[in-house]
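Please read these numbers as outputs of a predicted model, since none were measured by experiment. Below, chain A is the first sequence line, B the second, and so on; all start at residue 1.
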There are 2 protein chains.
Amino acid sequence: MLAITQAGHLACSSEALGANNRESCPATGIPVTRPPSTEPHRALTLRDVSEVSGVSEMTVSRVLRNRGDVSEATRTRVLEAARRLGYVPNKIAGALASQRVNLVGVIIPSLSNMVFPEVLSGISETLEDTGLQPVVGVSNYQGDREEQVIYEMLSWRPSGLIIAGLEHSEASRAMLAQAGVPVVEIMDIDGEPVDSAVGISHRRAGRKMAEAIVAAGYRRIAFLGTHMPTNDHRARKRLEGFEEALAGFGLSVVDREFYSGGSALAKGREMTETILKRTPDIDFLYYSNDMIGAGGLLYCLEQGLDVPGKIGLAGFNGVELLDGLPRRLATMDACRLETGRAAAEIIAGKRATGVVGGEVVEFEPKLQPGDTIRKA
Amino acid sequence: MLAITQAGHLACSSEALGANNRESCPATGIPVTRPPSTEPHRALTLRDVSEVSGVSEMTVSRVLRNRGDVSEATRTRVLEAARRLGYVPNKIAGALASQRVNLVGVIIPSLSNMVFPEVLSGISETLEDTGLQPVVGVSNYQGDREEQVIYEMLSWRPSGLIIAGLEHSEASRAMLAQAGVPVVEIMDIDGEPVDSAVGISHRRAGRKMAEAIVAAGYRRIAFLGTHMPTNDHRARKRLEGFEEALAGFGLSVVDREFYSGGSALAKGREMTETILKRTPDIDFLYYSNDMIGAGGLLYCLEQGLDVPGKIGLAGFNGVELLDGLPRRLATMDACRLETGRAAAEIIAGKRATGVVGGEVVEFEPKLQPGDTIRKA
DNA sequence: TTGAAAGCGCTAACAT
DNA sequence: ATGTTAGCGCTTTCAA
């Protein structure tokens, strides 16, 4: 099942050894100066470029950063030398000296849920032309892990921090508050941000969906979602808003089913089968995400159920995937791309500002009725 | 659609200023307490902790890194002081002084294709207990962008670099070769790695699939995939291997269809419809990825086609998603998790080794026949 | 337009 | 077990 080949080749190129060590690649059999294996790799410094180009380190530094006035002649010579040597500046030293770091920490719970990579895309897209670089940390939905990641990131003194959610341990909140750089909490605005926040109100999203469902005439409504003891605050808030709105209509969720782990599509099928067998008169299935909703939809269609006539379905997130299903699942867009963009803009715009201000950007989740909810 | 609230609070606490927030007015020498609002945030240093705890900076440093012998009493006092102040070490300074950086650069083409986040999971899982931290860079399938990202990453002097693919610009290869740290090229081993490589042979994967298809008795075989002018080398190699093997049986691909962009599931449907209308006697559809394959499968089932009797289908990647489909699409596992793990192990195991060795780890892609290919 | 000196905050190496 | 000294490679500041 697993084959391992030991190639044991030497990554050797004459250029790799720098200008000041003439030697040949061992493979060719031509005499060499140094045995490569004993040569500890020494990274090039400004000094090397300085010596080769014949100008001071300071001038080399200026050229490489496009700072200050440098004569065209000098500029050319320096760039040429740097290129020839393959010089790569040491940002660690640069950052220490300048007290400036072009890194933005981004902390998300997971990479397996497409929702987060999508927000990331928005962030990285917006950061692209600001000279800032996102650095991603993953907390695995664990508070203590999140704490570690925050600590780790702050120790690199980034220009800003973007972090998913508003719920963090006390220690985490303390670190964020003291960070001295803009902090943007994303994907949820139902709560008290440490600094800035960008996202949608999940309570509101839940409420809106409930209103749409009731308006369409459904009454025996069930909820299906992830098992969310403490972790998935956003799903919990959505459910809270959902039930709150139902209560306003004198209704409540007639049954519910939870899962954790596994293929969401398959789980959606199973849960749907389970809940419909247990409570056959359900006329609407509200899923906490689109993938389980899609699984449920496939199940219902296979069973020949009348969707959306006898039974309606809705998910949450607005994932692109839904486009190819036999029927378009009703869902609600979580504005992930916009959220990522706005968060990045806050960080980018705040650079070099001493004052830490708080800004809350709320996006309005849009209902996408699809084909699985009756027209009102 | 978009609401913005300005909260404008100041993230300022007396603790943040450290123990020495009492200072003298330069002019009069009379002690004053500074108004917090005008206080530009100054990050705490070892020195602050040293002063508060009453031991030297060096000892504080030792405690914080668990290095060397420190008395339990001192240890406690230092930790207490650090905790109270909310001290977060400056890794930039630490890295510069120690010449060691616990970062591993990971460069992938995209985050939108779940394949890459999955490899990332394998990497980050394995790195977790090594003290190393992955830093992710995205190249958007663009060679020049990749070059920039490599440059940017190397300028932080990471302990290693993991990069998708074997095809890079000349400048990129030069940088990688000179990096002086282990470099692992992943997800493809058909080519000449700069240093180490981990992944599967896509040529071989294509060949294997062709053999399985022919063995099952299919003869009118079509290919559907991404439009791959220069970018998707892995898909290209797969197709090459596929056609090569077909040729061995005296067969060739009878039709082909390409797409780019959009929802893969929806595209899979469209392409399948198109190609089947154009060439009705096709008896096998080989897709370059599972998502378009799933779309095609849904289409075929809706059309009432006899799958796998009259027409067979296969995808590539072995994505978990397939589990919930009406029928399990035949596919080939690309060993993404294992690839991520092995790459991370190479980096972790090589730390502090001066020698640059090359190691090639090949995984064997496994055919998952599913329910869309006839039993031979 | 260019150069010299003085750190940035930490750790290695060497005292004590 | 703890402290002292001398940088790490760069940029800031000031001088020429």
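- Summarising the geometry, the separation between CH2 on A:Trp156 and P on C:dG9 is reported as 15 Å, rounded to the nearest angstrom.
- Nucleic acid contact class of B:Asn90 (heavy atoms, under 4.0 Å, all strands): sugar-phosphate only.
- Helix bend of the helix from C:dT1-D:dA16 to C:dT16-D:dA1: the angle between its two end axes, each built from five pairs, comes to 30° after rounding to 10°.
- B:Leu64 CG to B:Leu46 CG: the interatomic distance, rounded to the nearest 0.5 Å, is 7.0 Å.
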Could you give me the CA-CA distance, side-chain angles and deciding distance for B:Arg47 and B:Glu51, then say whether salt bridge (charged side-chain N to carboxylate O under 4.0 Å, His left out) is met? CA-CA 6 Å; B:Arg47 177 170 196 138; B:Glu51 280 169 6; 3.4 Å; yes
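- Here the C1' atom of nucleotide C:dT11 and the CD1 atom of B:Ile92 are 15 Å apart, to the nearest Å.
- Between A:Leu96 atom CG and D:dC10 atom P the separation is 12 Å, expressed in whole Å.
- In this structure, the CG atom of B:Asp48 is 11 Å from the C1' atom of C:dG9, given to the nearest Å.
- Put simply, CG on B:Leu44 is 15 Å from C1' on C:dC10, counting in whole angstrom units.
- Salt-bridge annotation for B:Glu80 and B:Arg83: present, with a side-chain N of the basic residue lying under 4.0 Å from a carboxylate O of the acidic one.
- Counting only distance, with no hydrogens or angles, the side chain of B:Thr126 and the backbone of B:Gly122 share a donor-acceptor pair below 3.5 Å.
- Between the B:Thr76 side chain and the B:Glu72 main chain, a donor and an acceptor come within less than 3.5 Å of each other.
- Residues B:Pro134 and B:Ser124 approach most closely at CG-CB, 4.0 Å, considering heavy atoms.
- An OP1 or OP2 oxygen of D:dT2 is reached within less than 4.0 angstrom by no side-chain nitrogen or oxygen of B:Thr59.
- Atom P of nucleotide D:dC8 and atom CZ of A:Arg42 are separated by 11 Å, given to the nearest angstrom.
- Between A:Ser56 and C:dA4, a side-chain N or O to OP1/OP2 separation shorter than 4.0 Å is absent.
- Spacing between atom CG of A:Asn102 and atom P of D:dC10 amounts to 15 Å, rounded to whole angstrom units.
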I'd like to compare against my own output: the B/S/- annotation of nucleotides 11-16 of chain D with a strict under-4.0 Å heavy-atom distance to protein. BBB---
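- A sub-4.0 Å separation between OP1 or OP2 of C:dC10 and a side-chain N or O of B:Tyr87 is present.
- Scanning both residues, A:Leu176 and A:His168, for their nearest heavy atoms gives CD1-CD2, 4.2 Å.
- For A:Ser56, the side chain to side chain donor-acceptor pair (under 3.5 Å) criterion is met by A:Thr59, not counting sequence neighbours.
- Applying the 4.0 Å criterion to OP1 and OP2 of D:dG9, one finds that B:Gln99 has a side-chain N or O inside that range.
- Counting all heavy atoms, side chain and backbone alike, B:Ala197 lies closest to B:Leu166 at CB-CD2, 4.5 Å.
- Close to C:dT2, at under 4.0 Å from its OP1 or OP2, lies a side-chain N or O of A:Ser71.
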